[in-house]
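Right, one structure below, let's go through it.
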2 protein chains.
Amino acid sequence: MDAKKRKKLEAKGWRVGSARDFLNLSDEEMALIELKISLGDTLQSKRKQKKMTQLELAKFLKSSQSRIAKMEAGDPSVSLDLLVKSLFSLGLSRRELSKVIS
Amino acid sequence: MDAKKRKKLEAKGWRVGSARDFLNLSDEEMALIELKISLGDTLQSKRKQKKMTQLELAKFLKSSQSRIAKMEAGDPSVSLDLLVKSLFSLGLSRRELSKVIS
DNA sequence: TTGTAATATGTCATATCTGACATACACTAT
DNA sequence: ATAGTGTATGTCAGATATGACATATTACAA
């Protein structure tokens, strides 16, 4: 996780669950957020590997450029479902997904 | 995946995405569904391992018995987010999650 | 500089998921 | 049988995620 991502994490959005205070997240909330960030990073590298722009990927996935950007940035508004479905659509196998997670 | 789960899959709900026809699912839709079923199975075995009822688990997770049942059954209305968050709350590590997925 | 392509950010109506509830079903034990 | 306990299923109002759009920011040419 690079500095930019970390900053986003700290900055806004992710004040989830019952703990209202700044960065006062439970372990499982933290784990879920970090998981999403990993998947977002993977999505980005897969996209670049295929030399696609966010707009092109958006059309391919029948989504929108802004949502791709949010996925890659680890935005709190994106679901695991969308991330995983997108990775599968890009051809990631279940085993590869598992490697990303571990 | 046992027969009951498979039946549920075929029976109702999962007619997702652009393909309207019965069981006419794309590869990535299929992969996502099977992933959710695996996670649901894992949730159930973890719960039983802890000798909890669905109601007890529901209270622990601040959810409801019916939603636990749906998670374990692979109901199309449950998100990956909820499944993964629940598994993390039950103490599953990221590495263990990765093993379940692979 | 100016232009322009790529990416980031904010907002919103609609779609989907959520906990809660009611109720049905399955299985024991009495 | 019937009472009790656990699980499944259906529904719904409220909560959250979605694609779409507008606009901002960045990066890099000409």
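Side chains are part of it too, since the values below use all heavy atoms of this structure and drop only hydrogens, waters and symmetry mates. Chain A is the first sequence line, chain B the second, and so forth, proteins listed ahead of strands; every chain is numbered from 1.
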>> Could you check whether any side-chain heavy atom of A:E34 comes within less than 4.5 Å of a side-chain heavy atom of B:R94, counting everything from C-beta outward?
In response: yes

> Can you check side-chain contact (heavy atoms from CB on, under 4.5 Å) on A:L80 and A:L32, steps first, answer last?
Replying inline: CA-CA 9 Å; A:L80 258 188; A:L32 185 62; 3.7 Å; yes

Mind listing the N/O atom pairs, protein and nucleotides 11-15 of chain C, below 3.5 Å?
| residue | atom | partner | partner atom | Å |
| --- | --- | --- | --- | --- |
| C:dT11 | O4 | A:K70 | NZ | 3.1 |

> With a 4.0 Å cut-off on heavy atoms, is A:L82 in touch with a base, just the backbone sugar-phosphate, or nothing at all?
Replying inline: sugar-phosphate

>> Restricting to side-chain contact (heavy atoms from CB on, under 4.5 Å), what partner residues turn up for B:K46, sequence neighbours left out?
In response: B:T42, B:Q49, B:L90, B:L92

> Does any donor-acceptor pair link the side chain of A:Q65 with the base of D:dA20 at a separation under 3.5 Å?
Replying inline: no

>> If you only use heavy atoms from C-beta on, which nucleotide in D:dT18, D:dA8, C:dG19 is closest to the side chain of A:S79?
In response: D:dT18

> Rounded to whole angstroms, how far apart are CG on B:D75 and C1' on C:dT16?
Replying inline: 13 Å

> Going by modelled atom types, is there a donor-acceptor pair between the base of C:dA8 and the side chain of A:Q54 at under 3.5 Å?
Replying inline: no

Would you tabulate the pairs of protein nitrogen or oxygen atoms and nucleotide nitrogen or oxygen atoms of nucleotides 25-30 of chain C closer than 3.5 angstrom?
none

>> Distance check needed: D:dG19 P versus A:M71 CE, whole Å only.
In response: 7 Å

>> Tell me the interatomic distance from B:L61, atom CG, to C:dA20, atom P, rounded to whole angstroms.
In response: 12 Å

> Out of D:dT18, C:dG19, C:dT18, which nucleotide sits closest to the side chain of B:V78?
Replying inline: C:dT18

> Please give, in whole Å, the distance from C:dA6 C1' to A:R47 CZ?
Replying inline: 9 Å

> In whole Å, what is the span from the NZ atom of A:K59 to the P atom of D:dC21?
Replying inline: 13 Å

>> Using the side-chain heavy atoms of A:S63, tell me which of these nucleotides is nearest: D:dT9, C:dA6, D:dG19.
In response: D:dG19

> Any side-chain heavy-atom pair from B:E72 and B:R47 closer than 4.5 angstrom?
Replying inline: yes

>> In this structure, how many angstroms lie between the P atom of C:dA5 and the NZ atom of A:K48, rounded?
In response: 19 Å

> Do A:I33 and A:V78 belong together in a cluster built from hydrophobic side chains that touch within less than 4.5 Å?
Replying inline: no

>> Using a 4.0 Å heavy-atom cut-off, does A:S64 contact any base of the nucleic acid, only the sugar-phosphate backbone, or nothing at all?
In response: base

> Can you tell me how far P of C:dC17 sits from CG of B:L80, to the nearest Å?
Replying inline: 11 Å

>> Please report the distance, rounded to the nearest Å, between CG in A:L83 and P in D:dG19.
In response: 11 Å

> Heavy-atom distance under 4.5 Å between the side chains of A:K99 and B:S102, does that happen here?
Replying inline: no

>> Between A:S86 and A:L82 (side chain of the first, backbone of the second, donor and acceptor by atom type, cut-off under 3.5 Å), is there such a pair?
In response: yes

> B:R67 and B:D75: salt bridge (Lys or Arg N to Asp or Glu O under 4.0 Å), yes or no, with the steps?
Replying inline: CA-CA 9 Å; B:R67 196 129 298 273; B:D75 189 279; 5.8 Å; no

> Hey, what do you get for NZ (A:K48) to CD (A:Q54), rounding to the nearest 0.5 Å?
Replying inline: 8.5 Å

